[in-house]
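Take a look at the structure set out below.
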Number of protein chains: 2
Amino acid sequence: MVTMLDVARCAGVSKSTVSRVLNGKNVVREEVKALVYKAIAETGYRPNLLAQQLATQKSSMIGLVITNEVYNGPFFSTLVYNAAKFCEQHDHRLIFADGKHSADEEINAIDFLVRMKCAGIMVYPRHTSQAQLEKIINESPVPVMILNQQLTVRPDRNIFIDHYRGGEIMMDYLLSQGHSRIAYISGKMPSPSNQARQQAWQDKASPDSAALIAQGDWSMESGYQAALTLIDGAESFTALLAANDDMALGAIKALKDRGLRVPQDISVAGFDNAKIGHYFSPSLTTLDTPIEQMIQCAVEQIVNLPLDTPEHGLTGTLVVRDSVGPASVSGPN
Amino acid sequence: MVTMLDVARCAGVSKSTVSRVLNGKNVVREEVKALVYKAIAETGYRPNLLAQQLATQKSSMIGLVITNEVYNGPFFSTLVYNAAKFCEQHDHRLIFADGKHSADEEINAIDFLVRMKCAGIMVYPRHTSQAQLEKIINESPVPVMILNQQLTVRPDRNIFIDHYRGGEIMMDYLLSQGHSRIAYISGKMPSPSNQARQQAWQDKASPDSAALIAQGDWSMESGYQAALTLIDGAESFTALLAANDDMALGAIKALKDRGLRVPQDISVAGFDNAKIGHYFSPSLTTLDTPIEQMIQCAVEQIVNLPLDTPEHGLTGTLVVRDSVGPASVSGPN
DNA sequence: TTGAAAGCGCTAACAA
DNA sequence: TTGTTAGCGCTTTCAA
C-alpha cells in the first residue's frame, strides 16, 4: 500500500507538504504542488480515511440505524433514498447499521456507529425504550437523532411524525364519508407509528368497535389474513383502515376474493402513500407521510445548519383516491 | 473522550493489558481482568474502531455501492436486506455508498469504500464500463465484487444473473401460450439487466416486432405511459413484456384505463417477482430473480469462505400467475 | 514556504 | 503474566 510518505519521497518533499497540498491550504508553492500531484499520480496514492479521521478527530459519515423488519415496507426505500441524498448534499456519506430485531441489537448498532466516529447518527428505533434512547442521546459525543417517534425529552434530538394526528385525519375523512363502523388492521408492535394510529382510530371510532380490530405485521400477507378475519367476524363494518398501505392492499385482495367490492361494499384506506397505491385498482386512499422532510431535518441538524428543529411533529397529508367511497346502506354481513 | 490509557490508569495497569483483556487473549490474570472490566465500566470506555482498524490494518465492514436510481425498484429493499443479513451473519457490517448517476460518481463511491478500508466491496454497477470495473478490481487491495452484470474477465470477482436466459424463459412461456405478437417495455439504459432481457425479446419475437417496443425507465409511471404508446401504435399485439414488475403493473393500469382486459385481451408479464404482484389484480406473472443467492455468494467470497464462485450466471424461475393467458384470437387493434 | 516531531487511539512485538 | 516501545497513516503545531 502506498502511503503519504511514499508520495513525499517520490516528490522529494516532506510528508507535511504532501498533506498541505492535499488539504488545499494555499501555502504551498505552485511548483512544489505540481511535483506532489505528479508523485500522487505516479504512485497511485489514495489517502487512508481511517488515519485521516483518527488524526483530525472528525469524520464525514452519518450513520443510520434501522431494524431490518422495516426493510420491506415502502418506507424503507424512501427513507434510505432520502437519507443518502441529504447526506451527500452536505458532503457526508451515509453509513448504515442493521438494528435487527431487539433493543440490544439496536443499541449495538448505534454503538458501532459511535465508535466509528460518525459525525452524527439517525435512529429509526423499533425496540429501544425511551429511557434507553435518552441515555444514549445524552452520553453520545455526537448528535443522535431519533426519528419517527416522539421523545418526551430532548426535542433537539428528535424529529418525529405526528402519527396520532395522521390517524385523526384519516378517521375524520372516513367519518365524513358517512362511515360509522370502521375496522382497523394494526401493524406489528412495538411500533410508535402503529400505536398512535391505533389510538386515533380508537378515539374516533364508535365505542362499540372493540371487536373491529385485527392484528397484522405490516406485510401484505398479514393484511390479507387480517381482512379475512374481520370479514368472518360477527361485527359488520363499512370501512377498513389499515396501519400501512401494504396491509391495505392485502386487505383489498381479501375483500375481492370474498366477492366484496371496494369501495361500494367496503371502503379501504392505508397510510404512507406507497407508489403502487396509485396503480392499484381501486387506487388507494392514503396518508402521505413526510419522510423526506423528516430526514432532511435530521441531517441538517447533524451537520449543524442554523436550522430550527420543528417544535411539533410533522404531519402527513390526505391523498384521496378511489378505495374510499360513501358509506353503503348495508354492510357486508 | 475516554481512551484506553484512561482505563489503564484507572485500573492501575498498562495500556497493553487493557488491550489484551479486550481482545480476549487469555494471558491475563483473572483478578487483573476483573480490575480492567471494572475500570471500563467506571469510565464508560468505548474502543475507537478507527484506531483499532488503523492499527490492525483490517476491518469488518463490507461496502455496497448502488446507484440511487435503483432505490425505488423492489430490487432495492431485497438487495439491501440480504446484504445486511449476510454481512452480519459473517460478523461484518454493511456500509453503503451512493453511486448516484454517473460513472464518475460510482467510481468515487467505490474509492470511498476502499479508503475506508472495507474488507470487501460489492458493486451493483449502472454506469461504470467493463474496462473501468476491471481496472478497479485489479487495483483494489480488497475484493471488489461486481454484481448483476457479467464481466468478461475475473469471474472470481463477478456474481451475475443471467438476464438473457431469464428473458428467454419469459418469452418461451409467452410463446407457449400462443402469443406471437409480443410487445416490450424497456428499462432505462444503460442497464445490463434491460439490455439482456431486451435482446432475448428481440431474438425470440417475430421478426416484424421492431415497432412493438416502448421506452420506460423502470418506474410504474413510465410503464403506464409506455403501454399507452404501444396501445395507440399502429401494430397490434396480444402480450406485453415489461423489463420489470413495476412497469408491468403500470402497464396493466394503462390497459385497464383503455378498457382492455388482462389477460383476456392482452397478457402482461414482468421481471423480479415484486411482492405486490401477488396481490394485484390480475396477479402478475413474473420471473423470480435470485437476488438473495447473488448477495450471499458475493459476501461469502469477500469473507473468504471456501466457496466456489458459480461458473455461470444465476438464473431466475418463472412464477406463473394470472396476468398471462392464452393468446386471444383478436388483439386489441 | 517547508520540515521535524509529536500525537490521534489502538495493537503487537519484544523484554522483563 | 505484564510493561515498554514502536508503529498504523495521517494532521498539525512549532521552528527554521
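Numbered from 1 within each chain, the chains take letters A, B, ... in sequence-line order. Note that the structure is predicted; figures quoted are calculated from it, not measured.
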Separation of atom CG in A:L35 from atom C1' in C:dT2, rounded to whole Å | 13 Å
According to the interplanar angle, ranging from 0 to 90°, do the rings of A:F76 and A:F96 count as parallel (below 30°), tilted (30 to 60°) or perpendicular (above 60°)?
-> perpendicular
Is there a donor and acceptor pair closer than 3.5 Å between the side chain of B:S16 and the base of D:dT4?
-> yes
A:R9 has an atom CZ; how far is it from atom C1' of D:dG9, in whole Å?
-> 13 Å
B:D156 and B:R154: salt bridge (charged side-chain N to carboxylate O under 4.0 Å, His left out), yes or no, with the steps?
-> CA-CA 5 Å; B:D156 59 319; B:R154 296 299 302 260; 3.0 Å; yes
Compare side-chain N and O positions of A:T17 against OP1 and OP2 of C:dG3 and report whether any pair is under 4.0 Å apart.
-> yes
Flag side-chain contact, heavy atom, 4.5 Å: B:L50 against A:M116 = yes
Taking everything shown except A:K188 itself, do over 12 heavy atoms lie less than 6.0 Å from its NZ?
-> no
Protein-nucleotide distance (B:K58, atom NZ; C:dT11, atom P), rounded to Å | 11 Å
OP1, OP2 of D:dC10 versus side-chain N and O of A:S19: anything below 4.0 Å?
-> no
Which of C:dC10, D:dT2, D:dG9 is nearest the side chain of B:V28? It is D:dT2
A:L5 CG to C:dA6 C1': how many Å, rounded?
-> 16 Å
Under 4.0 Å: is that the gap between some side-chain N or O of A:S14 and OP1 or OP2 of C:dG3?
-> yes
Round to a whole Å and report the spacing from CG of B:L22 to C1' of D:dT2.
-> 16 Å
B:L54 or B:V27: which one's nearest nucleotide on DNA chain D is closer to the 5' end?
-> B:V27
Verify the contact: side-chain N or O of B:Q57 to OP1 or OP2 of D:dG9, cut-off strictly under 4.0 Å; return yes or no.
-> yes
Could one point to a donor on the side chain of B:R20 or the base of D:dG3 with an acceptor on the other under 3.5 Å away?
-> yes
Grab the CG-P distance between A:L50 and C:dC8 for me, whole Å please.
-> 18 Å
Is B:N48 near enough to C:dC8 that one of its side-chain N or O atoms lies under 4.0 angstrom from OP1 or OP2?
-> no
Closest to the A:P47 side chain: C:dG9, D:dG3, D:dC10?
-> D:dC10
Look at A:Q52 and D:dT11 and indicate whether a side-chain polar atom (N or O) is within less than 4.0 Å of OP1 or OP2.
-> yes
Find the distance A:K15:NZ to D:dG7:C1' and express it as a whole number of Å.
-> 11 Å
Under 3.5 Å donor-acceptor, A:Q53 side chain and A:S59 backbone | no
Rounded to the nearest angstrom, tell me the gap between atom CE in B:M4 and atom P in C:dT11.
-> 4 Å
